[in-house]
Amino acid sequence: MNNFITSLVLFSSLLIPSAGKEASLSIKTKSMEIGSGSQTLRLLNVEDYIYEKDPEDAGAAKNLVHQFEDYARDLGYKDVKVNYATTDTPESMFNELNISQHSYDLICPSDYMIQKLIVNDMIEPMHIDEEHMPNYIKNASKAIKGRLDAISAVNAKTNQECFLKDYAVGYMWGTLGILFDPEYAGREAEITIEDMQDWSVLWNPDYKGISSIKDSVRDTYAIGLLHALNDDFEEDGKTIEGFETLMNKHEDGTYDDETYNEKFSDLFNKCDNETLNKVRKSLTKLKGNVFGMEVDSGKQDIVTGKIGINFAWSGDAVYSMEQAEEEKELELYYSIPNTGSNIWMDAWCMPKSDQRSQAQRELAELFLDFLSIPEYTAQNMSYTGYTPFTAGNEILDLTREWYDYRYDEETEEFDDAIPSEEEIAEKGLQRVDLSYFFEGTITDDEGNVIDDPDSYVFYTDCYLPDAETDEQGNITGGNRAVGREFFCQFPDEYTLSRCAVMRDFGPQNEAVLKMWEKFKSDTLPVWAIVLFIVEVAGGACLIGYFFIGNRVKHNLRKKRKEEQNKK
Amino acid sequence: MKSNRGTRFQLFKRKHLCIPYGVFLVLFIIVPILIIVYYAFTDDNGLPSISAFVGFFTNWSKVNVLITSVFVALQTTLLCLLIGYPLAYFLADKKVNKNAVLITLFVAPMWINFVLRTGATRDLLTWMGINGGNMPYLATLIGMVQNYLPFVILPLYTTMLKLDKSQIEAAADLGANPVQVFFKSVVPQSVPGIVSACTMTFMPTMSSYVISDTLSEGKITLFGNYIYLDFANNLWHDGSFMALIMLVIIGISMILTRNSGKEEKEGGAAW
């Protein structure tokens, strides 16, 4: 019986292999209020990805989902309830949707996952137009929305090519980069900003054991790819330009932004078997050089000083920078290496369901439009640290307040005069043009679009250290893709042209995963193998000794007895 | 009517007290196991398939992870026994451990959730200069031993409490030296405790997930991590098959230790 109970305990502990990461596959539901006659909007999002009220701050606005309930009531909807659930990764979102397709009205996965959802025929198109989502259409950043809309996937059931512009409403976007602490004390030689602008820094033995990478397939695959295909290589007898050549040709003007981005994107999305092998080899080397792999602990570790370099998502980088400044008065920097990086976008989409009423569909679309109202987007932006998909007056004001030199914190006023050349030189200001993000979204009191190019220009000194600038403050060279929070949230257009979307691996998904499994499983080190063999052999000898020893004794006793009997 | 009521009352027997647990057992232990078995031998279309089976044994990295897991589990078990056995022997002495206060102290860490404890261990080890970056195996083993030591001490302690003192004294009186007394009298008497200590440590270590992930900084992948990796990436069949392998290994170890279970009734191990 005792053994039986032990086995039950063990069995049950087995059934939850992820017992520690409690929420990894499970879903946390925050409110479960479904009343009669009321309408419920069921959302599934990633954790910590929407504005929530700080319980200690009594004056703060309500949770954003509750604000939506009020907003809908004001528009005449009766008794709207939002049922907001969270999960941890787009992968578990996919799993959850597989199990209960009809349980959610809106989900918020990443770009590649939306492709996968289309392929599997799991989401349906929405009315993403002027009539149903005026705020989204007006406020979405043209450049970023253009990138999202251009992504497509082929529905495996209907064999139709579907573009994300009909399926996805952008929510947040960001980049991948290197977050580093220039004054990291764990190493004798100093961390140099020049080194940080190249992905190869992670492989550099000078920085052994002080950097961490992501324990997630796609992100780490991206840097493995950027490193493995850095130089030109041969394929089918043809020479293919590597990332470095592309960068050089972009720099000297052989390729314009568009051509470069196209070529970069093609190379960045390579995932054939040969490439996978190359990536695995370079990642295996990387594994020996890094401190470790993490998904969540890195953003805190760089603050506490366990590591000096962190391969980070832009939003996490903002979080770390703020923490480091608050706790240790430490200035961290974020760099998007010169050979290019990944731009990712998270967007809302609607799971396919035949049980959803027209009213519910409309409510869902209303919610997406609500999220694009600048007032509410600003709350999300300041809460999550990520960059919203949509701009607008409030976003511009908030960005100015946070980052522009001309904002006076005491009077809380913004002086929109252009600084003189002397002022720029004296204060070391940089001029950053964010028209790609704000253009066409700024309105006057009557709602007319103001098209003033100067209003999208920011003067800041918290952007790029030691960047070379001309007299107007325009960045012309130097460390141009390194910066603080502002750069994390709003990389300039030049940097963005060096970023590409990493699409779903499609039929190669399994091969990539196999590659990752191989990378994750390590052969035991030699000492461990020796120890293992010694132990097993020792154990076998011990058992053998007792077993044979007992036999011998037994036989001796038997003989003695027989002899006694004979006597 | 009356007699009817009487029989109805008699229908409620003592064994019916097991019903709540029976329901729990079926819902949360037996059904999940059946689901695992189902997933392990079907494919995406729900048809019977042995692709997960073939996939496991032809995939060197999976077998590799199994070997690593066995290695780490073996080291943990041995280290725990090495530390726990003398300690349990010492604690079982009533003079030392009055009112069993000391044993409570050794078990106390179990009251804190192990995820939190592992996080604290990580900081402590980093402060000592041991981390996943430079010594992933050492860091993981320290964490494992810290976590599973109470599971070794407790069953050994309860066995040691019931050691036949007169047998030990008799062995000494009849001329056995202390070493012989230990190996011929103390160890054989405590075998049930050792066996349950090993089962309580070995298998959970193999399938553990958070400790190796946190303390080796993701560098050591154990079987539990691998199962999770498959589940997280939608490979239900491969993941289920690996979970099934764990179940089979547990089953085998249960059969192997059944003999000592018979002695257990006499020895009276608590676990």
cation_pi(A:Lys306, A:Phe291) dist<6.0 Å, angle<=45: no
Residue B:Leu235 versus chain A: region with a heavy atom under 4.5 Å: side chain
Atom group of A:Asn98 that falls short of 4.5 Å from chain B, counting heavy atoms: side chain
Part of A:Glu91 within contact of chain B (heavy atom distance under 4.5 Å): both
Contact origin within B:Asn234 toward chain A - heavy atom pairs under 4.5 Å: both
More than 12 heavy atoms from other groups under 6.0 Å of NZ on A:Lys518: no
A:Thr89 vs A:Ser92, side-chain hydrogen bond (donor to acceptor under 3.5 Å, both in side chains): CA-CA, chis, key distance, verdict: CA-CA 5 Å; A:Thr89 60; A:Ser92 47; 3.1 Å; yes
Other residues, nucleotides, ligands: >12 heavy atoms within 6.0 Å of B:Phe182 CZ: yes
Quiz item: cation-pi between A:Lys214 and A:Trp313, 6.0 Å / 45°: yes
Close side-chain approach of A:Phe532 and B:Val70, heavy atoms under 4.5 Å: yes
Toward chain A, the part of B:Thr126 with a non-hydrogen atom under 4.5 Å: side chain
Part of B:Tyr137 within contact of chain A (heavy atom distance under 4.5 Å): side chain
Contact leader toward chain B among A:Gly539, A:Ser521, A:Gly292, where contacts are heavy-atom pairs under 4.5 Å: A:Ser521
Contacting region of B:Ile220 [heavy-atom separation from chain A under 4.5 Å]: neither
Residue selection (most heavy-atom pairs with chain B, distance under 4.5 Å) from A:Glu294, A:Glu510, A:Lys287, A:Glu535: A:Glu535
Candidate list B:Thr205, B:Ile211, B:Thr77, test side chain to side chain contact (heavy atoms under 4.5 Å, CB included), partner B:Val72, passing option: B:Thr205
Closest-packed option against chain B by number of heavy-atom pairs under 4.5 Å, given A:Asn289, A:Val217, A:Ile213, A:Thr523: A:Thr523
Segment of A:Phe94 engaging chain B (4.5 angstrom heavy-atom cut-off): side chain
A:Ser297, part contacting chain B, at a heavy-atom distance under 4.5 Å: side chain
Expected output: side-chain A:Ser320 to main-chain A:Lys299 donor-acceptor under 3.5 Å: yes
Structural part of A:Asp301 lying under 4.5 Å from a heavy atom of chain B: side chain
Under 4.5 Å from any heavy atom of chain B - which part of A:Leu513: side chain
Face-on cation placement of A:Arg218 at A:Phe505 ring, 6.0 Å and 45° thresholds: yes
